[in-house]
Amino acid sequence: MSAGSASIAPEFDTARLDAFLRGALPGRASGAMTLERISGGQSNPTFFLSYAEAGTRLVLRKKPPGPLLPSAHAVDREYRILKALAGSAVPVPPVVLLHGQDDVVGTPFYLMERLDGRVFHDTALPGVAPDDRAAMYFAMAETLAALHGFDWQAAGLSDYGKPGNYYARQIARWSRQWRETKTQDIPAVDRVFAWLGEHLDETPETTIVHGDFRLGNLMFSPTEPRVIAVLDWELSTLGHPLSDAAFSCLPWHSTPQMYAGIVGLDRAALGIPTQAEYLDRYCKAAGRSDGPGRFHLAFSLLRFAVILDGIAARAKVGNAAAENAIVVGEMAESFALRAEAVIEGGD
């Protein structure tokens, strides 16, 4: 991964982890263990873990320390979906083990194989040729279509969420989180929640949804515009496919200062397709006649506003996974205002 590393010491006893792995991974945990925190994430703390002598290169994902919302940061669900998707048309890192107790690193954790590839937080894809930028965006669309075409029932995931009424449940969930954890008053959030409740999408479609499907959660081949892994599955569930499709459109609704969007850039010169072109590729690959509309886009923007404010809330109690969490939390109002602009028909 090309997601930077941080020098912050782990909040757990690395010797205890080393001892556990030597028993759990015979033959793969010999020699000195090295552990390196991956910076840039706002969710589950993530580390590169390796035993050079054995040629072992892994990634460790754990829950954050401290008090959390009951359903938040469920690394066991991440492990389950990654294991279910292995070998499918959806590329994911191979998982190695899940440890569901707190006795080793203070929280449950899992291990997956470390892949070599490129991860871009900046959706302008710096350093990439224009033709490859277009191909990477279209690869994102096709990967999302593959996810929504995955047979979750045959994979034994019928209990991975609740089929139906997805948006009603999501609006209830995120509005409750806003009321309970908000760090600031943002009138636009309340106005958009009210509008969404009056324009609810109640179509009964159900697929696996990633919940955070965006360019920054994809790993591309080191040399080709090809997705080799979809990362960060902590919000995945059974849900409405257009929720993922709409959320993946956030770059077209945010500026470079707003979580590295592309509004205001010369997208044609960069080779980045329009939102309509991107969604057309998704719909064709998914066999759909329609993509997300105002409701779906406004919901995705608003949900992201609530997520960003939640990062600020975690930062106040020391549980955020990134050093810039408070700054990121301040973007919440910008995304709420963008949601209003979508409702009103603006850019």
Side-chain angles (χ1 to χ4, degrees), residues 40-43 64 66-73 121 123 166-201 211-214 216-217 234-235 239-240 242-244 246-264 275 292-347:
Q42 296 288 355
S43 52
L68 301 169
L69 294 172
S71 62
H73 307 282
H121 173 66
T123 57
Y166 175 75
Y167 274 111
R169 290 184 285 105
Q170 283 286 297
I171 290 170
R173 171 189 174 180
W174 292 103
S175 60
R176 181 174 63 252
Q177 177 164 331
W178 174 248
R179 292 192 305 270
E180 293 176 354
T181 68
K182 66 180 179 179
T183 65
Q184 56 193 312
D185 287 320
I186 304 176
V189 170
D190 300 313
R191 292 193 296 266
V192 176
F193 269 128
W195 185 90
L196 292 171
E198 295 168 0
H199 298 80
L200 194 64
D201 181 342
D212 192 13
F213 194 90
R214 53 188 173 85
N217 279 333
E234 73 171 87
L235 295 177
H240 198 294
L242 292 184
S243 64
D244 272 345
F247 191 75
S248 70
C249 289
L250 259 60
W252 289 277
H253 298 273
S254 55
T255 66
Q257 294 73 35
M258 291 170 59
Y259 221 76
I262 55 177
V263 170
Q275 178 180 287
R294 284 193 304 163
F295 171 86
H296 311 96
L297 291 166
F299 171 78
S300 290
L301 287 159
L302 183 67
R303 189 191 71 147
F304 200 50
V306 176
I307 288 172
L308 291 171
D309 189 76
I311 292 167
R314 296 211 313 275
K316 287 189 173 182
V317 295
N319 286 346
E323 297 171 6
N324 64 339
I326 294 176
V327 175
V328 172
E330 291 172 352
M331 298 181 199
E333 184 172 18
S334 297
F335 278 94
L337 292 172
R338 286 283 176 175
E340 277 200 308
V342 166
I343 290 170
E344 294 164 3
D347 184 14

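Just so you know, residue 1 is the first one in the sequence shown, and it goes up from there.
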Taking the side chain from [X] and the backbone from [Y], do they hold a donor-acceptor pair closer than 3.5 Å?
X      : Y      : result
Thr123 : Ala260 : yes
Arg294 : Val342 : no
Asn217 : Asp212 : yes
Thr181 : Trp178 : no
Tyr167 : His296 : no

- Item | Which residues share a side chain to side chain contact (heavy atoms under 4.5 Å, CB included) with Thr183, sequence neighbours left out |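 For Thr183 the side chain to side chain contact (heavy atoms under 4.5 Å, CB included) partners, ignoring immediate neighbours, are Asp309, Ala312, Ala313, Lys316.
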
**Item:** Worked check of side-chain contact (heavy atoms from CB on, under 4.5 Å) between Leu235 and Arg303
**Value:** CA-CA 12 Å; Leu235 295 177; Arg303 189 191 71 147; 4.2 Å; yes

Review point. Is the His253-Phe335 ring centre distance short of 6.0 angstrom?
Key: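 Centroid separation for His253 and Phe335: 6.0 Å or greater.
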
- Heavy atoms only: give me the nearest Gln275-Trp252 pair and the separation to one decimal.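 Result for this residue pair: N-NE1, 3.3 Å.
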
Which atom names give the shortest non-hydrogen contact between Ser300 and Leu250, and what distance separates them?
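Taking every non-hydrogen atom into account, CB-CD1, 4.2 Å.
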
Between atom [atom1] of [X] and atom [atom2] of [Y], what is the distance when rounded to the nearest 0.5 Å?
X      : Y      : atom1 : atom2 : result
Gln170 : Asp201 : CD    : CG    : 12.5 Å
Tyr259 : Ser254 : OH    : OG    : 10.5 Å
Leu297 : Leu302 : CG    : CG    : 12.5 Å

Would you mind telling me which of Asp185, Ile186, Val189 makes a side chain to side chain contact (heavy atoms under 4.5 Å, CB included) with Glu333?
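Considering Asp185, Ile186, Val189, a side chain to side chain contact (heavy atoms under 4.5 Å, CB included) with Glu333 is found only for Ile186.
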
Report task. Under the salt bridge (charged side-chain N to carboxylate O under 4.0 Å, His left out) rule, collect the residues that match up with Arg191, sequence neighbours excluded. Result ->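 Arg191 satisfies salt bridge (charged side-chain N to carboxylate O under 4.0 Å, His left out) with Glu340 once adjacent residues are dropped.
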
Using the rule given for side-chain contact (heavy atoms from CB on, under 4.5 Å), can you reason through Val192 versus Phe299, listing the C-alpha separation, both sets of side-chain angles and the distance that settles it, and then say yes or no? CA-CA 8 Å; Val192 176; Phe299 171 78; over 6 Å; no

So do Arg338 and Val263 actually touch side chain to side chain, heavy atoms under 4.5 Å?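 Of all side-chain heavy-atom pairs linking Arg338 with Val263, at least one is under 4.5 Å.
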
